[in-house]
Amino acid sequence: MMPKSPIPCKSHSALHRFKILAAPANQKTPALFLDRDGVIIKDVHHISDPELVEICPGAFELIHCANQSRWPVVVVTNQSGISRGLFDWTSFDRVNERMISLLGTSASISAIFANGLPPGSPSQSWRKPSPLMLIEATKYLNIDISQSIMVGDRLSDLQAGCAASVKYIFHVLSRHGIKERPSVLSWYNSVDNQSGISPPILTCLNSLKTFPLSIISSKDQKSS
């Protein structure tokens, strides 16, 4: 069984990192995949100061619901500030530690997958819209990706979820979400119209406060 202490990534480059913070479930379980900036914490451009961390409205309730249903909660985040030299992994870790502290034990994170790659990185890298961070997480947490959820404020978040074959994708308005909503809808319509492709179910939210928690409730999980 996977130990509960954080496990830093050792098998990838300096621009790829993950930490596993919880043991895997005994049987395959859907996961809640979340982007970090603009979804869990308020988007402060290239945040590196833990004192600036503020939990987004509805994030605690969503993560707590996933915990109650024993769904792993996996953060998947692009952090191009690393490759741009704006901050380092130590600062990134401090921001995460502050986020975890503010969420508390009732809304715990199971794993954090991150990359510091710049825009325009190869499609086979970890940078979203690549699905590889989500796929990598399934190896450690016994995740049923086909019943999982991806929540993000950028088009690339939803494209990563779609490419990983999750069941639901949610777009949330935030600083980036507002300007990306038209692109999200345009992209989704094009995917939906492609012959032979069954896209995940898209829901657009103004805030996580209106997230339909019943999708990840224990009752619904048992009946699915």
Side-chain angles (χ1 to χ4, degrees), residues 1-41 47 50 53 55-56 59-60 62-79 82 89-117 125-152 156-158 160-161 163-170 208 216 221:
M1 179 172 287
M2 195 72 61
K4 293 185 178 181
S5 58
I7 303 174
C9 175
K10 298 180 180 179
S11 60
H12 294 277
S13 75
L15 293 178
H16 298 77
R17 160 172 298 212
F18 69 85
K19 285 186 177 181
I20 307 299
L21 303 170
N26 293 328
Q27 60 183 19
K28 280 193 177 296
T29 306
L32 175 64
F33 291 100
L34 302 172
D35 181 40
R36 192 190 73 173
D37 304 339
V39 177
I40 304 177
I41 64 174
I47 185 170
V53 174
I55 302 300
C56 290
F60 172 87
L62 174 57
I63 296 170
H64 175 68
C65 181
N67 287 177
Q68 292 293 102
S69 296
R70 299 184 179 179
W71 284 34
V73 178
V74 182
V75 178
V76 284
T77 178
N78 290 345
Q79 295 291 325
I82 296 290
W89 286 118
T90 299
S91 296
F92 172 77
D93 288 340
R94 287 174 179 164
V95 168
N96 288 338
E97 288 164 6
R98 178 61 174 164
M99 173 185 71
I100 290 169
S101 175
L102 289 174
L103 287 169
T105 57
S106 296
S108 61
I109 303 295
S110 303
I112 300 173
F113 284 74
N115 72 84
L117 296 163
S125 73
W126 272 23
R127 183 175 172 83
K128 294 174 291 184
S130 165
L132 291 184
M133 288 192 291
L134 287 78
I135 292 170
E136 190 75 12
T138 67
K139 301 175 184 177
Y140 291 87
L141 292 169
N142 206 13
I143 291 169
D144 179 359
I145 197 77
S146 69
Q147 298 298 313
S148 295
I149 296 171
M150 176 71 214
V151 183
S156 59
D157 298 323
L158 308 190
S165 299
V166 301
K167 186 173 183 178
Y168 302 98
I169 51 177
F170 286 83
L208 287 183
I216 56 177
Q221 183 180 343

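Predicted model only: the values in this text are computed from it and were never measured.
Among residues two or more places apart in sequence or in another chain, the side-chain hydrogen bond (donor to acceptor under 3.5 Å, both in side chains) test is passed with R127 by none. Not counting sequence neighbours, S130 has no partner by the side-chain hydrogen bond (donor to acceptor under 3.5 Å, both in side chains) test. S101 meets the side-chain hydrogen bond (donor to acceptor under 3.5 Å, both in side chains) test with no other residue; sequence neighbours excluded. Applying the side-chain hydrogen bond (donor to acceptor under 3.5 Å, both in side chains) rule to T138 yields no partners; only residues at least two apart in sequence or on another chain are considered. Under the rule for a ring-ring contact (aromatic ring centres under 6.0 Å, His included), the partners of F60 that lie at least two apart in sequence or sit in another chain are H64.
Remark: side-chain polar atoms of D144 are not paired, donor with acceptor, to backbone N or O of T29 under 3.5 angstrom. Judged purely by atom type and a 3.5 angstrom limit, W89 uses its side chain to pair as donor or acceptor with the backbone of A14.
Of all the heavy atoms in A59 and I55, the pair that sits closest is CB-CG2, 3.8 Å. D157 approaches G152 most closely through the heavy-atom pair OD2-CA, 3.4 Å. Scanning both residues, P72 and L141, for their nearest heavy atoms gives CB-CD1, 4.3 Å. A164 and P131 make their closest contact through N-CB, 3.6 Å (heavy atoms, listed as atom of the first residue, atom of the second, distance). F33 and S148 make their closest contact through CE1-CB, 3.9 Å (heavy atoms, listed as atom of the first residue, atom of the second, distance). Between N142 and Q27, the shortest heavy-atom distance links the atoms ND2-C, 3.2 Å.
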Check your understanding: Where do L21 and I100 land on the side-chain contact (heavy atoms from CB on, under 4.5 Å) test, with the steps shown first?
Key -> CA-CA 11 Å; L21 303 170; I100 290 169; 3.9 Å; yes
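Atom CZ in F170 sits 9.5 Å away from atom CG in L32 (nearest 0.5 Å). To the nearest 0.5 Å, atom CG of residue L132 and atom NE2 of residue H16 are 8.0 Å apart. Rounding to the nearest 0.5 Å gives a distance of 4.0 Å between CD of E136 and NZ of K139. One finds the CZ atom of R17 at 9.5 Å from the CG atom of N96 (value rounded to the nearest 0.5 Å). We find the CD1-OG distance between I216 and S69 to be 6.0 Å, quoted to the nearest 0.5 Å. Atom CD1 of I149 sits about 7.5 Å away from atom CG of L62, to the nearest 0.5 Å.
Side-chain contact between L34 and V74: absent, with no pair of heavy atoms (C-beta onward) separated by less than 4.5 Å. A 4.5 Å side-chain heavy-atom check between K28 and I143 finds every atom pair outside the cut-off. The closest side-chain heavy-atom distance from V75 to D35 is not below 4.5 Å. Between T77 and F92 there is a side-chain heavy-atom pair separated by less than 4.5 Å. In this structure the side chain of V166 reaches within 4.5 angstrom of the side chain of I145, judged on heavy atoms.
Between the side chains of D37 and Q79, a donor-acceptor pair is found at a separation under 3.5 Å.
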Donor-acceptor pairs under 3.5 Å, side chain of residues 104-117 to any protein atom, not counting sequence neighbours: which ones?
residue, atom, partner, partner atom, Å
S108, OG, N67, OD1, 3.2
S110, OG, V73, N, 3.1
N115, OD1, L117, N, 3.1
N115, ND2, N78, OD1, 2.8
N115, ND2, W126, O, 3.3

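A salt bridge does not link E97 to R94: none of the charged side-chain nitrogens sits closer than 4.0 Å to a carboxylate oxygen.
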